[in-house]
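In what follows, a single structure is set out as structure tokens and then discussed.
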Amino acid sequence: MKYEINTSQRSLEVDFNFESDGLIINVDGKTLHFQAIQIHSGVYSVLVNNRSFVVGICPNEANRVNVNGTPINLELLDAVHLHLRELGWDSMQETKVGLISAQIPGLVTKIFHVPGDEVKEGEPLLLIEAMKMENEIKSPVSGVVQKISVNEGQTVEKGTNIIEIV
Amino acid sequence: MKYEINTSQRSLEVDFNFESDGLIINVDGKTLHFQAIQIHSGVYSVLVNNRSFVVGICPNEANRVNVNGTPINLELLDAVHLHLRELGWDSMQETKVGLISAQIPGLVTKIFHVPGDEVKEGEPLLLIEAMKMENEIKSPVSGVVQKISVNEGQTVEKGTNIIEIV
Amino acid sequence: MFKKILIANRGEIALRVMRTCREMGIEVVAVFSEADRTAPHVLFADEAYLIGPAPSTESYLNYEKILEVAKESGAEAVHPGYGFLSENTDFAKEVSEAGIVFIGPPASAIKIMGDKTMARQTMLKTQVPVVPGTEEPIADIAVALNVAKEIGFPVLIKAAGGGGGKGMRIVHAATDFEDAVGKAQRESQSAFGDGRVYIEKYLEEPHHIEFQILADTHGNTIHLNERECSIQRRYQKVIEESPSPFIDDGLRLKMGQAAVETAESCSYVGAGTVEFLVDKHRNYYFLEMNTRLQVEHPVTEMVTGIDLVAEQIRIASGQPLSIDQENIKTSGHAVECRIYAEDATHDFAPSTGEIVMLQIPDGTGTRFDGAIRQGIEITPYYDPMLGKLICWAKDRESALNRSERALREFYIGGIETTIQFCRAVIRHPVFREGTYDTHFYANFKDELHADLATSTDEVLLVAAGSLYHHQNQIKHSSNTSNSTKKTRSNWVNAQLGRNA
Amino acid sequence: MFKKILIANRGEIALRVMRTCREMGIEVVAVFSEADRTAPHVLFADEAYLIGPAPSTESYLNYEKILEVAKESGAEAVHPGYGFLSENTDFAKEVSEAGIVFIGPPASAIKIMGDKTMARQTMLKTQVPVVPGTEEPIADIAVALNVAKEIGFPVLIKAAGGGGGKGMRIVHAATDFEDAVGKAQRESQSAFGDGRVYIEKYLEEPHHIEFQILADTHGNTIHLNERECSIQRRYQKVIEESPSPFIDDGLRLKMGQAAVETAESCSYVGAGTVEFLVDKHRNYYFLEMNTRLQVEHPVTEMVTGIDLVAEQIRIASGQPLSIDQENIKTSGHAVECRIYAEDATHDFAPSTGEIVMLQIPDGTGTRFDGAIRQGIEITPYYDPMLGKLICWAKDRESALNRSERALREFYIGGIETTIQFCRAVIRHPVFREGTYDTHFYANFKDELHADLATSTDEVLLVAAGSLYHHQNQIKHSSNTSNSTKKTRSNWVNAQLGRNA
């Protein structure tokens with residue numbers, strides 16, 4: 001199957017095919033023999049043309065893979081997706097960039113805005129204290145604060161929706 | 001519940017009772033507060049009157065417990081069992097001491113006897129090679145070789161019955 | 001010698017202290033919060049007592065409760081580690097008044113040096129130079145702003161009641177001043193229960209260099225040379241080394257004497273650290289004295305062969321120092337990398353979760369002081385430091401090569417860590433040359449993060465292949481016992497492909 | 001310097017060698033059997049090649065295949081580790097003939113010293129004393145029995161083609177002689193593919209003491225002092241230390257010179273070990289020379305600060321030694337405990353299975369050279385050694401205290417190990433005093449095993465309570481994520497109670 005691998009820096013076109021002894025990767029006219037054995041939940045020992053790697057699949061982030069300890073952010077697009085993109089439909093636009101959730105669990109120590117406030121991209125929205133450090137949550141977009149779902153002094157779990165910007 | 005703890009060296013009578021915050025152990029007029037939390041399959045962090053222990057339950061041997069790394073062989077007998085023993089019935093005699101199984105997986109390199117041979121307790125029965133060492137399997141009882149279930153050159157799994165002495 | 005010591009701390013430092021206690025034949029008592037029932041320090045200890053709920057204010061900072069446990073357990077001494085109660089004079093005093101030995105300096109020395117304002121005032125009476133700045137905590141923001149303008153921006157705002165980068169802010173312009181003071185005060189209040197902050201001059205290409213000192217109750221004070229701690233981010237040390245590539249023997253001698261003089265100025269007893277800023281002209285200024293064991297103390301242990309915790313305990317039990325200044329011999333070079341549960345690719349955001357796989361580096365000259373194990377949950381309640389990797393070798397280049405090897409070998413699966421960030425720092429040419437200062441991170445931030453974000457085509461293909469393989473859940477081998485078998489499904493594949 | 005090295009081995013020694021290679025900027029190539037696809041050395045390496053099925057005769061001893069991989073991978077040198085092909089002259093020769101550097105001595109030196117009979121003949125030409133015994137392998141059992149009677153029982157039967165206790169037997173009486181020779185020959189054949197054995201005199205209260213030597217291609221040969229290796233069981237070393245508590249400076253000097261003379265007698269190049277037996281009168285006899293890296297080499301590394309694998313690689317690449325005899329400075333004391341997957345309470349029977357929990361000791365002066373991880377399966381195919389714990393401290397007492405601490409901290413769940421056996425040895429008063437010889441285990445076997453079998457009432461109650469708790473599967477906390485919840489069942493309890 002044809003796939004496109006995208007990172008923030010570049011793009012690669014590859015062809016993945018499972019054969020009896022593992023995965024065959026064709027890229028740029030070269031053939032790689034890829035064999036992965038799971039050694040722990042989500043952790044693989046990978047041999048690619050006899051080169052050895054330990055690869056971890058990040059449990060919470062679909063696009064993040066850890067190779068020999070180094071996190072790699074990548075997008076793996078299959079033929080269906082590539083075709084949809086040709087038709088002008090890009091699934092990446094679907095995600096609500098203005099809906100901000102807590103990336104870390106912790107204590108909300110300060111909220112800088114009230115609904116209706118205008119904010120600029122990069123402007124601090126609130127502070128969450130975790131692991132003894134104050135962490136500034138910045139707005140990923142410019143817009144108007146629509147909804148604030150937490151209060152100062154409240155403890156939030158990872159993934160909790162905290163603020164919405166439209 | 002009343003229990004008797006037996007080791008090769010001594011015997012203790014105890015009373016085990018689960019209460020809301022853990023297990024209460026009464027022994028010799030003393031009360032111990034026992035709390036165990038499983039940290040891995042079969043491995044517990046135990047606090048007994050604030051003394052801390054890491055305890056492993058041996059997966060294959062019911063009477064073997066590992067406390068802070070030290071293996072302890074013990075017998076834990078409940079009221080039913082104690083009562084049966086008073087009546088002269090001892091379950092320990094049930095086990096076939098003359099049925100010898102492979103304690104280790106390995107290669108049978110030499111068998112010293114044929115069925116019908118008389119053997120004495122402690123006499124070598126066969127050799128199993130594992131982890132590059134030859135291991136002599138000795139007879140736990142005196143008796144006559146009834147049955148030999150393996151051949152020289154055969155690989156055996158752990159637990160395989162290899163020889164029976166009656 | 002003591003028979004039983006309570007360690008009023010958690011994490012790697014609790015284990016560190018317990019190890020030495022056990023080697024000295026001393027029983028160890030742990031205290032733990034509800035979040036830490038199965039934490040490594042509880043499993044490691046001979047005894048362990050619950051002291052309260054997860055938040056440290058209700059457990060590890062609850063000194064009445066800890067004192068109660070010390071009495072109940074029959075501990076003859078208390079080791080506070082670093083952080084938490086280690087620089088709390090009330091705790092030190094109450095422990096002593098209960099007839100239990102506080103393993104640390106006298107409360108009076110903690111008080112003087114723990115309060116940076118008092119420390120400055122004390123140091124101004126000695127020959128040791130200090131950094132220009134306010135001598136009093138900020139009371140009036142307008143007055144403080146004027147002082148800052150006089151000293152000249154950039155200035156540093158620092159917590160009066162604690163260290164370790166918490167409650168610290170650098171301010172480049174007058175317009176940011178008030179906001180920064182507020183943040184520093186809040187962080188300081190939260191970290192140390194003391195919101196006071198003060199101002200200090202920011203020096204040219206400064207090095208953060210500290211000297212380890214030891215002082216006994218018999219009037220002997222010695223130093224064990226320096227640690228170079230200039231690699232910092234968020235005012236938190238990242239990598240430390242000894243000896244410093246910046247210091248020569250002449251300067252080492254002078255600064256060592258200044259460190260001893262500093263300790264003597266407050267009648268110090270125990271292990272302590274005198275921190276200096278050294279500018280590019282090799283002028284040095286007293287910065288602060290940490291009246292406790294320092295996080296980075298192992299680099300000194302590795303080059304001197306001296307167990308600092310053992311010295312602390314011997315001193316606390318009234319024994320004289322077992323070594324004098326002339327007998328301190330250093331050998332080789334040691335480098336410490338702090339490993340945090342933080343995502344370096346997302347502004348060092350704390351990372352929590354289960355450690356699903358753990359491979360700690362080992363081998364010649366490789367030491368890891370940590371408190372983690374495979375299967376453990378990293379919670380948001382405490383400091384994000386998972387541990388410290390310390391590598392020793394015969395010279396600096398070998399020690400850096402060893403550190404790179406060990407970091408490459410280090411695998412913590414399931415959470416984000418700063419392992420790769422440390423690797424990026426160590427392979428940076430400026431760090432390699434040893435010509436860095438405290439601006440290293442600010443100056444080379446982009447390069448470091450570009451290094452982290454760069455991968456070869458091969459690595460990218462491995463990543464993509466693994467993701468594809470994982471999504472298809474193909475199981476090519478029955479070799480492993482703990483992997484779950486799932487059938488390959490094109491539907492699942494297509495679905496996942498879409499989301500990917 | 002080499003760019004890529006193939007390590008023709010597995011387990012801890014493969015990792016040990018790879019660590020140094022990586023520190024030297026050299027890429028590492030692993031080879032593995034079908035049983036080792038996910039073994040630590042495969043995960044650690046830059047490249048890994050399958051070489052055959054699990055049995056070592058078809059994989060790690062298959063040197064044609066390994067040589068093929070060396071060529072295919074473009075490795076410029078091969079490091080054989082210890083065991084397997086490390087003392088195989090054919091392999092050494094074929095590697096060299098393929099234009100690849102064999103990291104070890106010339107085939108001629110391996111041949112002389114690898115064959116104990118030839119080694120004796122060589123040594124008889126030097127000033128170095130040898131142990132009385134046969135100079136030829138046993139050909140005729142009747143002739144051999146006469147020789148044994150002449151020397152006087154007890155005698156040792158030893159493999160001509162290998163070391164490490166395999167194929168070795170002690171015979172106390174003429175009646176046991178033939179049987180013992182048979183066993184030794186079989187074991188020797190199986191371990192080394194060479195069934196030849198010979199006879200040697202057994203000495204009074206002998207110490208097994210060995211000297212580490214290094215020789216370069218420029219004619220320099222030095223020694224790095226001794227290792228005391230007298231703690232053995234089944235003729236396999238258990239605990240080694242350096243310096244030896246039995247050797248004084250005068251004897252050290254003489255034996256060191258004898259070790260250098262031995263190495264020079266066979267034109268030795270590389271790292272090697274000259275083993276001596278030293279009787280209670282401090283007479284020393286050449287025993288054998290191991291023409292490879294020794295299992296216990298880390299104790300020498302810890303006291304000298306020299307990385308022996310790095311020296312091996314430098315020598316192999318043609319560089320002269322970086323140190324001379326006068327510059328060898330030792331510091332402190334190092335002790336190595338070998339950790340085997342064996343049940344000390346059942347005659348050291350091999351133990352296989354999954355490592356369900358693993359806690360490796362760490363901290364100051366604590367090194368573990370191993371190749372294990374949590375979740376890994378220990379198979380019956382290879383040597384039962386899981387790794388080696390090496391503790392260094394400023395003196396012997398501190399090093400033993402540190403070893404005890406580290407062994408107490410070591411936790412390997414799921415299989416039986418010799419950790420507790422090592423603890424029992426270290427706390428034995430005769431070992432503590434340092435007055436032991438090679439009969440230590442035989443002499444104190446009962447005491448050691450009684451120590452292992454002894455537990456306090458408290459520990460027994462903890463064991464019983466845990467068993468009761470486990471059988472009832474009560475889950476008192478939701479604190480842990482990976483424990484399975486089961487309901488309490490009196491029926492199950494009663495059932496289990498019966499069997500318990």
Side-chain angles (χ1 to χ4, degrees), chain B residues 3 5 7-10 12 14 16 18 21-23 25 27 32 34-44 46 48 51 53-57 59-60 62-63 65-78 80-81 91 103-106 109-110 129-135 158, chain D residues 56 166 183 186-187 190-191 234 341 343 345-346 349-353 356-357 380-384 407-408 410-411 413-414 416 419-420 423 452-455 457-470 472 474-477 479-480 482-484 488 493-494 496-500:
Chain B
Y3 276 80
I5 307 168
T7 73
S8 59
Q9 302 180 326
R10 66 192 188 286
L12 280 176
V14 296
F16 288 135
F18 276 108
D21 60 337
L23 181 65
I25 305 180
V27 58
L32 302 178
F34 178 103
Q35 191 210 36
I37 306 275
Q38 183 159 293
I39 50 175
H40 283 283
S41 169
V43 183
Y44 295 88
V46 172
V48 185
R51 301 266 303 163
F53 301 87
V54 175
V55 182
I57 308 292
N60 306 318
N63 296 337
V65 174
N66 189 304
V67 179
N68 283 349
T70 306
I72 315 277
N73 291 303
L74 77 164
E75 197 185 45
L76 189 59
L77 303 178
D78 64 6
V80 176
H81 190 99
S91 69
Q103 292 304 305
I104 43 166
T109 51
K110 186 132 192 85
E129 189 186 296
M131 289 172 160
K132 307 275 108 191
M133 295 296 279
E134 236 177 35
N135 300 277
K158 189 172 176 172
Chain D
S56 47
K166 277 155 198 156
K183 278 180 185 161
R186 272 196 306 282
E187 215 172 277
S190 149
R234 269 189 175 181
D343 185 353
T345 66
H346 286 101
S351 177
T352 56
V356 296
M357 181 173 159
Y381 302 111
Y382 312 109
D383 192 277
L407 289 166
R408 161 81 170 77
F410 212 148
Y411 193 91
E416 302 290 339
I419 292 171
Q420 298 306 319
R423 281 182 78 187
L452 281 179
T454 302
S455 53
D457 275 6
E458 185 187 38
V459 165
L460 191 55
L461 287 168
V462 167
S466 300
L467 200 54
Y468 181 75
H469 177 99
H470 182 73
N472 282 275
I474 294 292
K475 185 118 182 357
H476 292 276
S477 164
N479 231 340
T480 52
N482 50 357
S483 55
T484 47
R488 183 176 169 186
N493 175 27
L496 287 165
R498 279 273 300 278
N499 295 334

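First the proteins, then the strands, lettered A, B, ... as listed; each starts at 1.
Heavy-atom minimum distance, D/Ser455 versus B/Ile72: CB-CD1, 3.7 Å. Heavy-atom minimum distance, B/Thr70 versus D/Leu452: CG2-O, 4.1 Å. Closest of all the heavy-atom pairs between B/Val67 and D/Ala463 is CG2-CB, 3.8 Å. The heavy-atom pair separating B/Phe34 from D/Val462 by the smallest distance is CE1-O, 3.8 Å. Considering every non-hydrogen atom in both D/Glu416 and B/Pro71, the closest pair reads OE1-CG, 4.1 Å. In terms of heavy-atom proximity, D/Pro350 sits nearest to B/Met131 at CB-SD, 3.5 Å.
Partner of D/Ser466 under the side chain to side chain contact (heavy atoms under 4.5 Å, CB included) criterion, out of B/Val55, B/Val54, B/Asn66: B/Val55 alone.
Taking CG of D/Leu467 as the start and CD of B/Glu75 as the end, the distance is 11.0 Å to the nearest 0.5 Å. Here the CG atom belonging to B/Leu23 is positioned 8.5 Å from the NE2 atom belonging to D/His469, to the nearest 0.5 angstrom. Between the CG atom in B/Leu12 and the CG atom in D/Leu460 there is a gap of 5.5 Å [rounded to 0.5 Å]. With rounding to the nearest 0.5 Å, the separation of NZ in D/Lys183 from OG1 in B/Thr109 is 10.5 Å. Here the CG atom belonging to B/Asn73 is positioned 6.0 Å from the OG1 atom belonging to D/Thr345, to the nearest 0.5 angstrom.
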key: Check against side chain to side chain contact (heavy atoms under 4.5 Å, CB included), B/Gln9 and D/Thr454   = CA-CA 8 Å; B/Gln9 302 180 326; D/Thr454 302; 4.2 Å; yes

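For chain B, the nearby part of D/Ser351 is the backbone; its heavy atoms alone come within less than 4.5 Å. For D/Ala191, no part lies near chain B; criterion is any non-hydrogen pair under 4.5 Å. The part of D/Tyr411 that comes within reach of chain B is its side chain, from C-beta onward, which places non-hydrogen atoms under 4.5 angstrom from that chain. Both the backbone and the side chain of D/Asp457 come within less than 4.5 Å of a heavy atom of chain B.
Most heavy-atom pairs under 4.5 Å with chain D, from the set B/Val14, B/Thr7, B/Val65: that is B/Val65. Of the listed residues (B/Val27, B/Leu32, B/Asn68), the greatest number of heavy-atom pairs within a distance under 4.5 Å of chain D belongs to B/Asn68.
Between B/Ile5 and D/Leu461 the shortest side-chain heavy-atom distance falls below 4.5 Å.
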